[in-house]
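Please read all numbers here as calculations on a predicted model, not as lab measurements.
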Amino acid sequence: MNQLLFEGRSLVGIVSSVVRQDDRRISFNRLDWERMYRLSDFHRVANIVYIGLLGYRETVPDKWRDRFFKRYQEVLLFGEHCDESFQEVLAWLDMREISCTVLTSESVRSFYKISENAENSPVQIFLDEEKYYLAKGYLIDLGYETDETYKGFGERMKKVSGVTIILYRKLPFRTAKYTKNMVKILESAQIKEPYENIWMLPPESEFLYRMAGAAYRYVTDELTLREVLELMLCHRAWKDEIDEEDLWKRLDEYKIGGLAERILELAYMWFGEKTDTFLAEHAEDMSVYDVLEERILTRGIVNHERDDEALKLQSLIDKELEKEKKAEGKDLKKEKMGKYFSEIKRKLSWIFPDYHYMSSIYPAVEKIPLLLPVFWGVRGVRLFWRFIRG
């Protein structure tokens, strides 16, 4: 367990050092590089780790260094094509009058001091059910393939070039109150010029969407370092455009205002700079952040959660998951029963063929339909006789 936390904290140290461009020393010799690669890949920071490893060639086995380099190459390739590909998709949707809302834009890439530190973070697009399948079909025509499915919500589509777009037909949150508040965010969307059917969230709304999403994924143990890092980058870039008092008030409607704020504070602790003033106004017991850190870095394996907001949200999500599990069980049982009765019906239709089939074999049935049961018996005797004669 200590090794797991050590590697997680080492990962934060490497990423922080590269993002800040400082000379923080990391003890590379104690690291299990297979686990480090898998951990950094989950947290979507493998390309940053590769940059941090430059100059330490002898410390990383060739196999794993090559894998880090592959992720770095993918990000470079994505950077070359993302703007053009994204605009192509939006232009097509607009031309066919397919209304959609861009939930998270590609603008976050410009907040990185070094472009190679950015990631091939997928743009998220929300559409209604009918338009969703039209948009998906078009992406397939453009060479995109389904990379991951979010059951009941949407899917991630990916191109060979690395360009990735997430399509949602339902916002990816299970509790009714959370979904309701997320839908309210969409009401603030504005038309993205020069389009007529493409809507974008203004910075304050996109940041609210990111903050609420981060708190939700924290309690489901899916929150990544990349997401935490980009929370900080967005806040730093948009803080002058955000009414923070209104932001925290709206997050309180989700019942996670305190949790979301502490996640943002942790982001500044991990990746912020001395010139950032955000933390100066937020002094609190550091053990609270230890709990956050341990849970995020171990994906919930180390979980000493005691935050009331996190516990309540987790309980609500667990209840919804239990409902879904029961519903799936009922659907499975219903499907099995349907197959069972279909099989019985098939067998009965073979034993007792319908009138049209029987009248084509026995003309007497066509003349006198009441004789149908009699000829079922005649047919049965003939089949049985054939069977015993071999």
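No donor-acceptor pair closer than 3.5 Å links the side chain of S315 to the backbone N or O of L311. A distance-only check finds no donor-acceptor pair linking the side chain of D94 to the backbone of L90 [under 3.5 Å]. A donor-acceptor contact shorter than 3.5 Å is absent between the side chain of Y138 and the backbone of Y133. Under a 3.5 Å cut-off, the side chain of S10 and the backbone N or O of F6 do form a donor-acceptor pair. Side-chain atoms of S17 never come within 3.5 Å of backbone atoms of I14 as a donor-acceptor pair (strictly under, hydrogens ignored). A donor-acceptor contact shorter than 3.5 Å links the side chain of E7 to the backbone of D32. In this structure, the side chain of S85 does not engage the main chain of C82 through any donor-acceptor pair within 3.5 Å.
In the hydrophobic clustering of ILVMFWY residues, with side-chain heavy atoms under 4.5 Å counting as a link, M36 and F69 come out together.
Using a cut-off of 4.0 Å between Lys/Arg side-chain N and Asp/Glu carboxylate O, E222 and R217 are scored as not salt-bridged. Ion pairing between E322 and K325 fails under the 4.0 Å rule for side-chain N and carboxylate O. Salt bridge present: R262 and D307 bring a charged side-chain N and a carboxylate O closer than 4.0 Å. Salt bridge annotation for E253-K184: present, with a cationic side-chain nitrogen under 4.0 angstrom from a carboxylate oxygen. The pair K249-D246 fails the salt-bridge criterion, with no side-chain N (NZ, NE, NH1 or NH2) lying under 4.0 Å from an Asp/Glu carboxylate O. Taking a cutoff of 4.0 Å between a charged side-chain nitrogen and a carboxylate oxygen, D41 and R71 qualify as a salt bridge.
The closest side-chain heavy-atom distance from L11 to V45 is below 4.5 Å.
Pairing each heavy atom of L266 with each of E293, the nearest pair is CD2-N, 4.1 Å. Pairing each heavy atom of L142 with each of K159, the nearest pair is O-CE, 3.1 Å. In plain terms, the two heavy atoms of M200 and S105 that are nearest each other are CE-CB, 3.6 Å. Across all their heavy atoms, E97 and K131 have their closest contact at O-NZ, 4.4 Å.
Summarising the local packing, CD of E145 is surrounded by 12 or fewer heavy atoms from other residues, nucleotides or ligands at distances under 6.0 Å. Under a cut-off of 6.0 angstrom, the local environment of NZ in K170 is sparse, with at most 12 non-hydrogen atoms contributed by other residues, nucleotides or ligands. Shown here is E196, whose CD atom has no more than 12 heavy atoms of other residues, nucleotides or ligands within 6.0 Å. Within a 6.0 Å radius of CZ in R299, other residues, nucleotides and ligands contribute 12 heavy atoms or fewer.
For the 3.5 Å distance criterion, the side chains of S99 and N197 fail to qualify, holding no donor opposite an acceptor. Defined by atom type and a distance below 3.5 Å, a donor-acceptor pair is missing between the side-chain atoms of Y218 and Q314. When only modelled atom types and interatomic distance are considered, R109 and N117 share no side-chain donor-acceptor pair under 3.5 Å. Using modelled atom types, one finds a donor on one side chain and an acceptor on the other under 3.5 Å when comparing R306 with S287. A donor-acceptor pair shorter than 3.5 Å cannot be found between the side chains of E119 and Y112.
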Problem set entry | F126 vs Y168, ring pair (Phe, Tyr, Trp, His ring centres under 6.0 Å): CA-CA, chis, key distance, verdict | CA-CA 5 Å; F126 177 75; Y168 285 127; 7.8 Å; no
Exercise. After noting the C-alpha distance and the side-chain angles of E273 and D276, does the key distance pass the side chain to side chain contact (heavy atoms under 4.5 Å, CB included) rule?
Worked result: CA-CA 5 Å; E273 299 175 352; D276 293 317; 3.9 Å; yes
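Remark: aromatic rings of F111 and W238 are close, center separation under 6.0 Å. The aromatic ring centres of F68 and Y50 sit 6.0 Å or more apart.
At least one test fails for R20 against the ring of F271: distance under 6.0 Å to the centre or angle within 45° of the axis.
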